[in-house]
Amino acid sequence: MTNWIPLGSASEISPGNRKVYALKGTEIAVFHVANKGQPGEFYAIHDCCPHQGASLVEGEGTGTEIACPLHDWTFDVASGECHDFPEFPLTRYELKVENDNILIEASAFEELDIQDHLFLVRYGAMGWIDHFSAEEDAAFSHRDRIILKTSRGEEIGEILSKAINQDNSITPAGSILRMFTPTDQQKLLQQEDITTHVLQDCQSLIQERGMPTEIIDCEQLFDQQTVVLYYLGNRMPALEILAQELNANYAWRIVFHPVDEAPAPSGCSSGGCGCDQK
């Protein structure tokens with residue numbers, strides 16, 4: 001039997017508007033989509049763009065379409081589809097309305113309740129430190145190398161400790177998939193290192209265009225799909241254009257990530273909220 005959790009009153013959201021609710025540490029955006037004079041439909045998504053974690057309720061759009069306010073990725077809140085990059089859909093939640101009450105299907109949040117076996121993990125070239133969830137019977141020790149699922153893809157991390165004060169307010173940055181194995185090490189040794197080429201190409205283009213951006217590091221993720229360029233400076237649309245040009249020259253996905261921002265939690269989408277997914 002399906003369980004439902006009340007969010008709020010349907011009359012609080014007029015047709016064409018949206019509202020954010022917080023439930024068990026998750027920001028849920030509810031959209032009331034008008035349907036040409038007919039009673040509108042309500043749709044719920046995790047309020048987190050799978051590119052760089054922006055709040056989608058701040059974006060513009062009509063009907064079921066919404067555009068991210070940072071970089072204009074467009075999504076369909078009814079299907080969760082990303083029109084620009086279909087491999088990065090939104091996380092959707094089932095809703096129904098009864099007696100003016102908006103009810104959300106509870107199963108996704110019941111799963112969150114049992115994912116409270118958390119570890120403190122260091123990962124990424126910048127040495128981010130955050131909480132990651134693991135299976136209830138998982139046992140890891142200090143300095144164990146592990147494979148993580150983050151918003152950016154699969155990465156290598158290092159266990160620092162088991163989280164001591166675990167509560168429902170902590171949103172894991174991702175999940176621990178398994179221990180890092182000798183086979184994984186062999187895979188790394190066989191992986192072509194393209195970071196030097198990507199870094200040089202990127203720095204040359206930035207210099208040619210006089211962009212006020214400094215690239216300070218570059219790393220390949222374990223997933224063999226993503227290369228991350230870390231930069232100093234402000235976000236700007238020119239970086240998105242630059243990423244598209246670099247992507248045309250490499251089989252890997254090239255993304256930019258600000259040095260002073262940790263990746264967004266991977267719960268932002270089914271593939272990860274990814275603060276630098278592209």
Worksheet entry | Cluster check L177, M179: I/L/V/M/F/W/Y, side chain < 4.5 angstrom | no
Item to complete: Measure the spacing between CD of E60 and SG of C68 and express it to the nearest 0.5 Å.
Response: 11.5 Å
Worksheet item: Can you check whether T195's main-chain N or O pairs, donor with acceptor, with E219's side chain at less than 3.5 Å?
Response: no
Worksheet entry | Exam field: side chain H117 to backbone A138, donor-acceptor pair closer than 3.5 Å | yes
Worksheet item: To the nearest 0.5 Å, what is the distance between CG (L90) and CD1 (I45)?
Response: 5.0 Å
Worksheet item: More than 12 non-hydrogen atoms from neighbouring residues, nucleotides or ligands closer than 6.0 Å to CG on N99, yes or no?
Response: no
Practice prompt. Can you measure from CG (D223) to OG1 (T150) and round to the nearest 0.5 angstrom?
Written response: 8.0 Å
Discussion item. Strictly distance-based, threshold 3.5 Å: is any side-chain N or O of T181 a donor or acceptor partner for the main-chain N or O of D184?
Written reply: yes
Discussion item. For a side chain to side chain contact (heavy atoms under 4.5 Å, CB included) check, start with the C-alpha distance between L7 and L95, then their side-chain angles and the critical distance, and finish with the verdict.
Written reply: CA-CA 10 Å; L7 280 181; L95 288 183; 4.2 Å; yes
Worksheet item: Is it true that E245 and R209 have a side-chain N and a carboxylate O under 4.0 angstrom from each other?
Response: yes
Discussion item. What's the separation between atom CG in D76 and atom CD in E65, rounded to the nearest 0.5 Å?
Written reply: 7.5 Å
Worksheet item: Should H46 and Y93 count as side-chain neighbours, where that means a heavy-atom distance under 4.5 Å?
Response: yes
Fill in: Side chain proximity check, I28 to V20, heavy atoms < 4.5 angstrom
no
Discussion item. Let me confirm one number: the OG-NE2 distance from S11 to H32, rounded to the nearest 0.5 Å.
Written reply: 10.5 Å
Discussion item. Do I194 and V227 make a side-chain contact, defined as non-hydrogen atoms from C-beta onward lying under 4.5 Å apart?
Written reply: yes
Worksheet item: Does the N101 side chain pair with the main chain of S9, one donor and one acceptor, at a distance under 3.5 Å?
Response: no
Worksheet item: Would a distance-only check, ignoring hydrogens and angles, find a side-chain to backbone donor-acceptor pair under 3.5 Å from N247 to I254?
Response: yes
Practice prompt. Take K162 and L118, measure what side chain to side chain contact (heavy atoms under 4.5 Å, CB included) needs, and give me the verdict at the end.
Written response: CA-CA 6 Å; K162 185 174 181 180; L118 302 179; over 6 Å; no
Worksheet item: Hey, is E154 close enough to R152 for a salt bridge, meaning N to O under 4.0 Å?
Response: no
Worksheet item: Is the Lys NZ or Arg CZ of K187 less than 6.0 Å from the centre of F222's six-membered ring, within 45° of the axis?
Response: yes
Fill in: Output field: ring centroids W128/H257 closer than 6.0 Å
yes
Worksheet item: Is the count of non-hydrogen atoms from other residues, nucleotides or ligands lying under 6.0 Å from N234 atom CG greater than 12?
Response: no
Worksheet item: Taking side chain as C-beta onward, heavy atoms only, is I102 less than 4.5 Å from I13?
Response: yes
Worksheet item: Are K96 and E94 ion-paired here, with the side-chain N under 4.0 Å from a carboxylate O?
Response: no
Discussion item. Side chains of E135 and S175, heavy atoms from C-beta outward: is any pair under 4.5 Å?
Written reply: no
Discussion item. Tell me whether L205 shares a hydrophobic cluster with M236, the cluster being built from Ile, Leu, Val, Met, Phe, Trp, Tyr side chains joined at under 4.5 Å.
Written reply: yes
Worksheet item: Which pair of heavy atoms, one from W252 and one from T226, lies closest together, and at what distance?
Response: CE3-N, 3.3 Å
Discussion item. Would a single hydrophobic cluster contain both L246 and I215, if residues Ile, Leu, Val, Met, Phe, Trp and Tyr are joined by side-chain heavy-atom contacts under 4.5 Å?
Written reply: yes
Fill in: Pairwise side-chain contact, F180 with I156, heavy-atom cut-off 4.5 Å (strictly under)
yes
Practice prompt. Ignoring hydrogens and angles, tell me if any N or O in the side chain of D84 forms a donor-acceptor pair with the backbone of T74 under 3.5 Å.
Written response: yes
Worksheet item: Is there a path of hydrophobic side-chain contacts, each under 4.5 Å between heavy atoms of I, L, V, M, F, W or Y residues, that connects L239 with I241?
Response: no
Fill in: Heavy-atom pair with the smallest gap, counting every atom of A29 and V57
CB-CG1, 3.3 Å
Discussion item. Apply side chain to side chain contact (heavy atoms under 4.5 Å, CB included) to residues L229 and V198 and explain how you reach the verdict.
Written reply: CA-CA 9 Å; L229 288 157; V198 173; 4.0 Å; yes
Fill in: Short side-chain to backbone donor-acceptor contact, E58 and P69, under 3.5 Å
no
Item to complete: State plainly whether one hydrophobic cluster holds both L188 and L221, where clusters connect Ile, Leu, Val, Met, Phe, Trp and Tyr through side-chain heavy atoms under 4.5 angstrom apart.
Response: no
Discussion item. Check whether N3 reaches the backbone of S107 with its side chain - one donor and one acceptor, N or O, closer than 3.5 Å.
Written reply: no
Worksheet item: Would you call the rings of W73 and F75 parallel, tilted or perpendicular, where under 30° means parallel and over 60° means perpendicular?
Response: tilted
Discussion item. Ring centroids only, cut at 6.0 angstrom: are H142 and F140 within range, meaning strictly under it?
Written reply: no
Worksheet item: Would a 4.5 Å heavy-atom cut-off, applied to side chains only, mark I66 and F31 as touching?
Response: yes
Fill in: Atom of A163, atom of H131 and distance for their closest heavy-atom approach
CB-CD2, 3.7 Å
Worksheet item: Where does the angle between the aromatic ring planes of Y231 and F256 fall among parallel (under 30°), tilted (30 to 60°) and perpendicular (over 60°)?
Response: perpendicular
Worksheet item: How about E214 and Q203: do any of their side-chain heavy atoms sit closer than 4.5 Å?
Response: no
Worksheet item: Does the ring centre of Y123 sit less than 6.0 Å away from the ring centre of F132?
Response: yes
Worksheet entry | Carboxylate-amine/guanidinium contact R122 D130, below 4.0 Å | no
Practice prompt. Report the C-alpha distance between E98 and L103 in whole Å, list the side-chain angles of each, state the deciding distance to 0.1 Å, and finish with yes or no for side chain to side chain contact (heavy atoms under 4.5 Å, CB included).
Written response: CA-CA 8 Å; E98 290 183 351; L103 305 174; 3.8 Å; yes
Item to complete: Could you please spell out the steps behind the side chain to side chain donor-acceptor pair (under 3.5 Å) verdict for S204 and D201?
Response: CA-CA 5 Å; S204 295; D201 287 350; 5.7 Å; no
Worksheet item: Is there a donor-acceptor contact under 3.5 Å from the side chain of E27 to the main chain of C48?
Response: no
Item to complete: Please indicate whether H197 has more than 12 foreign heavy atoms, meaning atoms of other residues, nucleotides or ligands, lying under 6.0 Å from its NE2.
Response: no
Worksheet item: About how many Å separate CD of E155 and CD1 of I146, when rounded to the nearest 0.5 Å?
Response: 11.0 Å
Worksheet item: I206 and T213: which non-hydrogen atoms are nearest, and at how many Å?
Response: CG2-O, 3.5 Å
